[in-house]
Amino acid sequence: MKRFGFQNPTLVSFLLVLLLFISNCLASSQNDDVNKDSGSEYDRVPVQVPVGLVLDLGSVEGKIVRSSLSMALSDFYTVHNNYKTRVSLSVRNSHGEPLLALASGVDLLQAVGVEVIIVGSSFLETKLLAELGEKARVPVVSLNSPISSSLSRYSHLIQAAHDSSSEAKGITAFIHEFGWNSVVLVYEDDDDWRESIQLMVDHFGENEVRVRSKVGFSSSSSDELMMDRLRKVKGLGVTVFVVHLSELVATHLFQVAEKLGMMGEGFAWILTAKSMNSFHESTGDTREVMEGVVGFKSYIPKSKELQNFTLRWRKSLANDEAVGLEINRLSIAGVWAHDIAWALARAVEVTRMVNASSSTLLEAIKENRFKGLSGDFQIKDKNFLSDKFEIVNLIGSGERGVGFWNSNGSFSNRRRLSSSTRNKLETIIWPGGSAQSPNGRNSGEIKRKKLRVLVTSSNRFPRLVKVTTDPATNIVSAEGFCIDVFKASINPFNYDVEFILWRNGSNYDKLAHALYNQKDKYDAAVGDITITSNRLKYVDFTMAFTELGLGIVAPKERSMWVFFQPLTRDLWVTSAAFFVLTGIIVWLIERPENKEFQGSWSEQIGVIFWFGFSTLVYAHREKLKHNLSRFVVTVWVFAVLILTTSYTATLTSMMTVQQIRFNSNTDFVGHLSGSIIANASLTGPRLRATNTKGLNTSQDYAEALLNKTVAFIVDELPYLNVLLGEKPAQFIMVKSQCTTNGFGFMFQKGDELVHNVSTEIAKLRTEGKLGEIEKGWFENQLPYTTDDISNPITLYRFRGLFMITGLSSAFALAILVILWLRDRWKDLVNSVNVFISRLLVHFRILLARTIHPSPLDDHIGESVVQMGQGNRQ
C-alpha cells in the first residue's frame, strides 16, 4: 500500500476524481451482465438491485468467481421466484491493477449506482475499494483477500477468507507433531503474500518454532536465482519447508528443488492454505514433481448440493468462452462466491420489505444465517471465516486426505471433525516415496557447517577475550566473557566454529574492512568490538551484549581528614565566627542580670566560647533570662540545625560515592591505548582532557591509579567492569551518559545469522543467562555506581542563612543599646552638662590669657574653678 501512497485521505480524494474521468473512458469496454428472471409470476417487473463485481478476468480465479456468482444467483431466483427484487451484476475487469480496480469502483458507483461492490483476492484492490466504500457508505465484499489489521478499520468491508490464526496454529501443531523445531519459510515477494504470512511468522516465534531462514521469490525469479537461494538454505541443514507461494511460483520452485535433490527422502514440504486454494491449472507432470508435499486447504464439507452445483457448473463452462477450457474444478473462492451471492440476494429482499428488521443492506448481510455450500453461513466481526482445514498429501497427479485440523486445536482423520480421535493423522507419503517421517535434519547438518570467525587477539583484558594457539596443532582457541556469549548465542544453529587469529592490533576498523573485503575467507568476527557507524558501512552487527556507554573510575578516598570535606574552608571559618559572635551577643545581653554570665574575666571569656559552641550539639546549660538572648539563640539554633543536617548528608554521600575532582589542565587521564572510542571521548566537549596516558591492561589501570600517575580512567564500561571486578575495594566508578553502542558481533552484510544471533542474545538476557555468564567472569559484585558527584557545601549557597542570623543579632544589639540608654538617660545628661561646662571654663581661661596675659591668671583661674565646683555642690 505504501508504494501507492494512499494513506493520505486528501490524495485518495484527488485520485477518486481523476479515476472517475478514466473510468468513463473505460466504461464502453466493460460488460454488464444482468441476471433477470423472466419467469416471474408478478404483474410488475421485479426491482433490479445493481451489484458491482471487480475482478481480474484474465486470471483463473477471476473467471471461476464470476461464473460461480452468476450461476448462484440464477439458482437462487429459480428457487425464490416470488421475490420482488433481483440482483443484477455489473462486471468490471481490473486486469490485476489496483488503480484500475479503483477506477472501476468509481465508475460502478457513479454510472451504475451499485449498492454493493464485490472484489477479488488482491489485498491492494481490497484496501482501495474498502476506502472507497467507506466514503460512499457502500458495503464492499472481498473474496479470499488476506485478513489484516490494516483492513479492520473499514466498517463497510466484509471479508470471506480462511482463518489465518487457526491455520497458523494448525501448521505449528503439525510441525510439533513430528518433533521438528526449525523450518525454512519460502514466501512470495508480493504485497498480498507478505501481508498474509506475518501472523504465521509471529505464531512460530511464540511457540518455539525457529524460522532458520526466510526466502522470497517472485513470478519473475529465474532458475539461477532460485537455485542459488535454495542451495544456501540447504546448507543450513534444515529439511522442513513451509511454502507460501502462488501456483505459478510454487510449480517453478518445486521443479528447481527437484534438480537440487530437495524433493527426495528426508525432506518435508508444507503448503499453506492460501497456496493450496490457489492451485487450479497444475498438470500431471507438474503435480508429479510435488509428490509427497503436504498441504493445508480450507475445508468444504461434502454434500449433495455441492456435488450437484459443481456438476452443473462444469457443464456450463463449455458454453462460456470467457471462462476457458483450462479450468477443471471449482475453487474454494468459487464456493464462497456462491454463498455470498445467496446472502446478498436474501439481504436485498429483506431491506425492501415493509417491516424490515435491518435498516441498511450492510446490516442485512451481517444478519444472514443459512446453510450454504461451504457449511453454516454466518458473519462474525465483519468476516466470514473458514476455520477448519483439510490436510492433504499430494500423490501422483492427485491428492489424498490424511486428516483435518479443527479450530478446537485437534487433529482428526475422520470427516466428522470430532475431538475423540485427537492428534490422529493417516499415514503420509513423504517426498521420495517414504512413509517414514523426516527428522528435520539431513546429513549435511550432521556434518555441521563450519563458521570461520576472526577473533581479537590482544589479550589485554583476558576476562573479556583470551586467545591461545596450540604450538603443535596450530589450532586457535579462545575464552572469556565475549567468547562465552558468542558460543551460547550461536549454539542453537549447529555450527562448527573455527577461530582465526586477528593479528593487526586493536584497530577494529581494519578488522571490519578485512571481513568486508575477504568474504571467501571469513564469516564473522568476535571479541571486544564496539558497534560504530563507520564499521556498519562494511559489516552488520548483532544487538549489543554488553552495557552501553563510557565510565570513569577513580581510587577511593582514604584521607583521615575526610570529615572536613563536606564544607569549604570559607564556610568553616564563617561558621566558627558566628559561633563566637552568638556567644558574645548572648553574654552582653545576659551579663548584667544573669550570675552565670558573671565572674572573673577569664570565666566570662570561657562562658562566651562555651555557650557559642555548645549550641552545635544543643548542650548549653546556662539558663537565659532575657527575651533578646532567647531570640538570638532561637535563630542561631535554627541555622545550626540546617548546617548540621547538610553536613551530615554531604559526608554520608561522600563516604558512599567517591568524589572525582577533575582539572582538565593539570590532571592526567588514563585510557585504553589505541582505543578510538576513548580518544574521541577525551577530546570531546564533556572532558576536554589535555593530559592523557595510554594504558594496556587492567593491571596497568590499577597501578596508575594507586601510584597517582593518573587521576582517573576513562573507558568503555566492559573494560572498567573487569577492573572493578578484580579490585572492587580500591576503586569506584561513576557512569557517564550512554555515548557508545556497546560490544556486538560482526557478520557479513546481509547474513541471516545477524538476526538469529541477535534473537538469541535477547533471549539470553531475558532468561538471565547473560547475567550468569557475566557473573562467572566478573566474580566480585560490582560496587555501587552513580551518575551524580557530591559537591562540598559552599558559603555562597548558605549566604542567606548567615544574613538572617547576622541581622537578628544586629537587631538584638540595637534593642539592647536602646534599653541601656533609656535606663541611664538622666545620668548621661548630667555628665554631658558637666563636660560641656568644663569645656566652656577652659575656653574662657584660654581666651583671657590670650588677650591679657598676667601672673595672676593662674590664681584667678584656680579660684574660678573652685567657685564653679562649689556652685555645683
Side-chain angles (χ1 to χ4, degrees), residues 1-3 56 59-61 96 98 121-124 144-146 148 164 167-168 171 175 182-202 204 209-264 267-283 285-297 394 431 442 749-753 755-756:
M1 189 66 195
K2 290 181 180 178
R3 59 179 177 145
D56 178 8
S59 67
V60 175
E61 190 73 25
S121 60
S122 169
F123 173 74
L124 286 178
N144 207 22
S145 65
S148 170
S164 300
E167 178 195 18
I171 293 179
I175 291 170
S182 297
V183 299
V184 173
L185 180 61
V186 184
Y187 66 96
E188 187 156 344
D189 196 8
D190 179 82
D191 291 323
D192 288 349
W193 296 85
R194 281 194 302 267
E195 187 73 25
S196 56
I197 197 62
Q198 190 55 48
L199 181 63
M200 186 173 297
V201 173
D202 295 340
F204 283 166
V209 175
R210 180 177 291 111
V211 179
R212 291 288 302 276
S213 180
K214 290 188 288 187
V215 186
F217 297 115
S218 66
S219 57
S220 61
S221 296
S222 63
D223 285 3
E224 292 75 15
L225 176 65
M226 283 191 171
M227 281 190 176
D228 181 58
R229 293 183 178 178
L230 288 179
R231 282 195 190 99
K232 289 182 178 180
V233 297
K234 185 180 180 182
L236 296 176
V238 181
T239 61
V240 181
F241 297 82
V242 177
V243 179
H244 190 64
L245 300 171
S246 64
E247 181 180 23
L248 176 64
V249 183
T251 52
H252 189 190
L253 169 77
F254 286 115
Q255 290 169 353
V256 173
E258 185 185 34
K259 295 176 182 178
L260 294 175
M262 299 174 68
M263 295 303 297
F267 287 87
W269 297 82
I270 305 169
L271 287 170
T272 63
K274 186 173 175 64
S275 295
M276 286 298 300
N277 294 347
S278 71
F279 276 42
H280 306 297
E281 304 177 11
S282 299
T283 62
D285 294 338
T286 304
R287 279 298 181 97
E288 288 179 3
V289 175
M290 299 168 59
E291 185 161 348
V293 173
V294 175
F296 278 64
K297 60 188 296 186
L394 303 187
N442 61 15
K749 276 281 187 184
D751 195 327
E752 62 188 22
L753 280 176
H755 171 75
N756 295 337

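Model, not experiment: these values are computed from the prediction.
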Begin with the C-alpha distance, continue with both residues' side-chain angles, and end with the deciding distance and a verdict on side chain to side chain contact (heavy atoms under 4.5 Å, CB included) for Leu271 and Lys297. CA-CA 9 Å; Leu271 287 170; Lys297 60 188 296 186; over 6 Å; no

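- Residues passing the side-chain contact (heavy atoms from CB on, under 4.5 Å) test with Asp189 are Tyr187, Arg194, sequence neighbours excluded.
- Environment of NZ in Lys232: sparse, with no more than 12 heavy atoms of neighbouring residues, nucleotides or ligands closer than 6.0 Å.
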task: Using the side chain to side chain contact (heavy atoms under 4.5 Å, CB included) rule, take Val242 and Val184 through it: C-alpha gap first, then chi angles, then the decisive distance, then the call.
output: CA-CA 6 Å; Val242 177; Val184 173; over 6 Å; no

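- Side-chain N or O atoms of Gln255 include none that pairs as donor or acceptor with a backbone N or O of Val289 at under 3.5 Å.
- Between Thr272 and the options Ile171, Asn277, Leu185, Val243, a side-chain contact (heavy atoms from CB on, under 4.5 Å) holds for only Ile171.
- In this structure, CD on Glu752 lies 10.5 Å from NZ on Lys214, to the nearest 0.5 angstrom.
- One finds the CG atom of Leu225 at 6.0 Å from the CZ atom of Phe217 (value rounded to the nearest 0.5 Å).
- By the ring pair (Phe, Tyr, Trp, His ring centres under 6.0 Å) test, Phe204 is found to be paired with no residue, residues two or more places apart in sequence or in another chain being considered.
- Residues passing the side-chain contact (heavy atoms from CB on, under 4.5 Å) test with Ser121 are Asn144, sequence neighbours excluded.
- Here the CE atom belonging to Met200 is positioned 12.0 Å from the NZ atom belonging to Lys274, to the nearest 0.5 angstrom.
- Looking at Asp228, its side chain never comes within 3.5 Å of a backbone N or O of Glu224 through a donor-acceptor pair.
- A side-chain contact (heavy atoms from CB on, under 4.5 Å) with Val233 holds for exactly one of Val215, Val186, Val238, Thr239; it is Val215.
- Taking CD from Glu61 and OG from Ser246, the interatomic distance works out to 11.5 Å, rounded to the nearest 0.5 Å.
- A donor atom on one side chain and an acceptor atom on the other are not found under 3.5 Å apart for Ser278 and Glu247.
- We find the CD1-CZ distance between Ile270 and Phe296 to be 7.0 Å, quoted to the nearest 0.5 Å.
- Here the closest non-hydrogen pair linking Ser221 and Met226 is CB-CE, 4.2 Å.
- The minimum heavy-atom distance linking Val211 with Asn756 is given by the pair O-OD1, 4.1 Å.
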_Apply side-chain hydrogen bond (donor to acceptor under 3.5 Å, both in side chains) to residues Asp202 and Gln198 and explain how you reach the verdict._
CA-CA 6 Å; Asp202 295 340; Gln198 190 55 48; 3.0 Å; yes

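- For Arg210, the side-chain contact (heavy atoms from CB on, under 4.5 Å) partners two or more places apart in sequence, or in a different chain, are Ser182, Arg212, Pro492, Phe493, Glu760, Lys763.
- Listed for the Trp269 side chain is a donor-acceptor partner under 3.5 Å among the backbone atoms of Met262.
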For Leu394 and Glu291, what are the C-alpha separation, side-chain angles and deciding distance, and is it a side chain to side chain contact (heavy atoms under 4.5 Å, CB included)? CA-CA 5 Å; Leu394 303 187; Glu291 185 161 348; over 6 Å; no

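- Residues forming a side-chain contact (heavy atoms from CB on, under 4.5 Å) with Ala250 (at least two apart in sequence, or on another chain): Leu245, Phe254, Phe279.
- Residues that satisfy the side-chain hydrogen bond (donor to acceptor under 3.5 Å, both in side chains) test with Ser122, not counting sequence neighbours, are absent from this structure.
- Using the six-membered ring where Trp is involved, His244 and Trp193 have ring planes that are perpendicular, over 60° apart on the 30 and 60° scheme.
- Taken from CG in Asp223 to CG in Leu230, the straight-line distance is 10.5 Å, to the nearest 0.5 Å.
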